[in-house]
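Written below as structure tokens is the structure these notes are about.
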Amino acid sequence: MDTGPNTGAVTRFVNRPQPQSSGRLINQRLQIAPATRTSERVRQRFRVAPIMLEQPVILKLDWQAPISLPEHSTRPKHHQGDGMSIYEQGLGRCAANYAPLTPTTFLERAAHVYAGRTAVIHGERRIDYRTLYSRCRQLASALSRRGIGKGDTVSVIAPNIPAMIELHFGVPMTQGVLNTINTRLDPTAVAFMLDYAEAKVLFVDRAYADLATQALAQMKSQPLVIGIDDALEPAGEVIGEREYEAFLSEGDPNYEWSFPDDEWQAISLSFTSGTTGNPKGVVYHHRGAYLNSMSSIIAFELSRTPVYLWTVPMFHCNGWCCVWAVTAAGGSHVCLRNVDPKLIYSLIDEHAVTHLAGAPTVLNILMSAPDEVRREFRHGTVNIATGGAAPPSAVIAGMEALGFRVSHLYGLTEVFGPSHWCEWQQDWDELEPTERMQKMSRQGVPCLTITGHKVIDPQTGADLPDDGKAIGELVMRGHTVMMGYLKNEPATQEAFQDGWFHSGDLAVMHPDDYAEIKDRAKDIIISGGENICSLEVEELLYRHPQVLEAAVVARPDEKWGETPCAFVALRSDADGSLTSQELIGWCRERMAHFKCPQTVIFGPLPKTSTGKIQKYVLREKANGLADGV
């Protein structure tokens, strides 16, 4: 357990210094009720002299926390005339009743409430919450001493290791912005992101030293580089001016960090995949990170003391905000450098893991693991949340048979990760398995932080009926929609057209208000004037007993315009006898013929680092197929 020299005294969080505004003292006006004296604590907090009051007065206070409404807020409407409501008088914000929402407070609380509880598990290493808080403060102090402050970008290229957790708290404590970078990108893409984000510091795990070195060589300006020497990674070189632990030693474990000046302030930067051009930088704010974490605790049922296995990359939407959510729940973070089914089953059993998450590919990996790798979970059912494409019904059923309880969610980088959960309804318990699986495969209803969603006609913007049939674009709005795209106002305005965030996903809305994604707009196949949803064809393919994974894209066709082309990966225990014509015939027995694949290509499917199938790669392959293949 890490409780050594890096552990500093923990300041009681009830006495936390109030938000600062870049060190500036701001004069505020605060109305207080009639009283005979001011308390000693008030005098000390606001530095005012004791006074005798008989009537309400206005005090001009030398206070560092702005009370005025943020720029993005709207002021309350007045009643008729110039008069104000009684609820608009003398009830303003002050240090006692308002603090900007920020997920950094989750760790501060955990350090007091769960001080000795294990916060992080990484191999043989254990870090308790008291120590984790001290280390994050020390990291914030070290960054601050290097000039990192409000609005400065701190980037990191690393897998799911303790340093990634610490950066999620240490960087926001400086009011800096954390930029987590996909570890599977090429050097040119990484260089673009670092330059675009104007990164001041880059933390690099030793496994990605070559990637970072090549990217740095292409950059216009050089950030401070700090190497991470992770004990569980023998390969690679530790690069940079300082090693991570040595850099931490520069800081003060008792560092007094500050709240953001405004909860709308940026906390993190993530980049989209950029499959059709340079990626866009998605900016999150402290408020959204806080609220989405709270929403995840409820939706994912992160009970007291959850044990969370990190199968979702922390660089992806800040791990769906679960870095902050698990900490808020006082849970244990079980780190995982790589998705390895043997190690996953072992860690679940060893640490009594209660929750994990991942793309449907992760579920496939666990389902297809050899019998000798699988474990019977002695501690009970394991909750697993999955996003991305809808998990096929067969996958959900297979996971349940292995001892997992599958929760289906939907989201995008632009909405802090999950925006929808397939909320379980009690009457589903009485349904037949097939019908129950169909219910579960829907993307679901909005999370608590999404205030509205609907399906619209992409051409006219008109609302479509909630009949489960009319296909249109899913749009949404709420507290956990991104601030916008960094330095790309036109793209931001386009995404927020008509006051809604446009997902680019085609969906239907069912009468019970559950959304069901049918396809990405660009993935719809138009054959002979008929729209074919690739997900519908994929769902059927997954039901074949020899199919492990399937992806369907459009292939150009002189007669029909486009026809479905299926890329299929077979199960490891398949006998290899299945032919493309046999699989096409199997589909034609179960689906309208025009929807069935006209072409089947067997082989492994290309994936992103988060396990999503790269359909744009498959589209390029389909476009390049010779006639008659």
Side-chain angles (χ1 to χ4, degrees), residues 295-303 306-312 316-317 319-320 322 325-326 334 336 339 341 344-345 347-349 352-369 373-377 379-411 417-447 510 512 514-517 535 538-539 541-543 547-550 571 610-613:
S295 176
S296 294
I297 290 175
I298 296 170
F300 201 7
E301 298 181 14
L302 291 173
S303 58
V307 180
Y308 187 89
L309 177 59
W310 274 103
T311 45
V312 169
H316 183 53
C317 305
W320 300 355
C322 282
V326 172
V334 182
L336 183 70
V339 175
I344 290 173
Y345 274 109
L347 292 173
I348 290 175
D349 184 50
V353 168
T354 59
H355 296 77
L356 68 156
T361 302
V362 175
L363 277 62
N364 283 329
I365 290 173
L366 295 176
M367 279 183 57
S368 59
V373 167
R374 299 177 184 176
R375 302 285 185 92
E376 184 176 346
F377 305 140
H379 61 286
T381 301
V382 178
N383 298 282
I384 183 167
T386 185
S393 304
V395 172
I396 295 176
M399 290 297 290
E400 288 187 344
L402 291 173
F404 294 92
R405 183 169 74 104
V406 180
S407 297
H408 187 205
L409 59 85
Y410 163 80
S419 64
H420 289 66
W421 288 79
C422 190
E423 192 80 22
W424 185 264
Q425 302 292 338
Q426 289 186 349
D427 58 359
W428 295 0
D429 293 333
E430 309 302 323
L431 298 176
E432 293 296 323
T434 300
E435 189 176 359
R436 188 170 72 251
M437 294 302 130
Q438 290 175 347
K439 295 281 190 183
M440 290 177 62
S441 65
R442 298 182 299 175
Q443 278 62 32
V445 292
C447 296
H510 290 273
D512 58 1
Y514 278 64
E516 181 180 358
I517 300 297
L535 294 181
E538 291 165 6
E539 168 73 21
L541 289 168
Y542 270 100
R543 296 180 197 170
V547 172
L548 174 65
E549 295 175 318
R571 298 177 59 89
T610 59
K612 295 181 180 178
I613 296 172

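Everything numeric in this text was worked out from a predicted model, so none of it was measured.
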Practice task
Working to the nearest 0.5 Å, report the span between CH2 of Trp428 and CD of Gln438.
Solution key: 11.5 Å
Exercise for the section: To the nearest 0.5 Å, tell me how far Cys422 SG sits from Lys439 NZ. Expected result: 9.5 Å
Exercise for the section: Answer yes or no: is there a donor N or O on one side and an acceptor on the other, between the side chain of His355 and the main chain of Glu301, under 3.5 Å? Expected result: yes
Exercise for the section: Could you grab the distance from atom CG of Leu356 to atom CD1 of Ile344, nearest 0.5 Å is fine? Expected result: 7.0 Å
Handout entry: Minimal non-hydrogen separation, Trp320 against Gly387, with atom names
Key = CH2-N, 3.9 Å
Exercise for the section: Show the numbers, then the answer: is there a side-chain contact (heavy atoms from CB on, under 4.5 Å) between Trp310 and Cys322? Expected result: CA-CA 9 Å; Trp310 274 103; Cys322 282; 3.7 Å; yes
Handout entry: Donor-acceptor contact present, side-chain Arg571 to main-chain Ser368, <3.5 Å
Key = no
Exercise for the section: State the CD-CG distance between Glu376 and Asp349, to the nearest 0.5 angstrom. Expected result: 9.5 Å
Handout entry: Among Thr386, Leu363, Val382, the one residue meeting side-chain contact (heavy atoms from CB on, under 4.5 Å) with Met399
Key = Leu363
Problem - Met367 side chain reached by Leu548 side chain, heavy atoms, under 4.5 Å - result: no
Fill in the blank from the handout: When rounded to the nearest 0.5 Å, the distance separating CD1 of Ile396 from OH of Tyr542 is 12.0 Å
Practice task
Go through the steps to decide whether Asp512 and Arg442 satisfy the test side-chain contact (heavy atoms from CB on, under 4.5 Å), and finish with yes or no.
Solution key: CA-CA 12 Å; Asp512 58 1; Arg442 298 182 299 175; 3.0 Å; yes
Handout entry: Side chain to side chain, Phe377 and Val353, heavy atoms closer than 4.5 Å
Key = no
Problem - Exam field: side chain Arg436 to backbone Glu430, donor-acceptor pair closer than 3.5 Å - result: no
Problem - Where Leu409 and Ala385 come nearest, the two heavy atoms and their spacing - result: CD2-CB, 3.7 Å
Handout entry: From Gln443 atom CD to Trp421 atom CH2, the distance as rounded to the nearest 0.5 Å
Key = 13.0 Å
Exercise for the section: Find out whether Tyr345 and Leu402 are in side-chain contact, i.e. whether some heavy atom of one side chain is under 4.5 Å from a heavy atom of the other. Expected result: yes
Handout entry: Heavy-atom side-chain proximity of His420 to Ile517 below 4.5 angstrom
Key = no
Practice task
Look at the side chain of Tyr514 and the backbone N and O of Glu423, then say whether any donor-acceptor pair between them is shorter than 3.5 Å.
Solution key: yes
Handout entry: Atom of Pro418, atom of Cys447 and distance for their closest heavy-atom approach
Key = O-SG, 4.1 Å
Handout entry: Closest heavy-atom pair and its distance - Val312, Gly319
Key = CG1-CA, 4.1 Å
Practice task
Could you tell me whether the side chain of Asn383 and the main chain of Arg405 form a donor-acceptor pair under 3.5 Å?
Solution key: no
Handout entry: Considering all heavy atoms, the nearest Ala325-Ser296 contact
Key = CB-CB, 4.2 Å
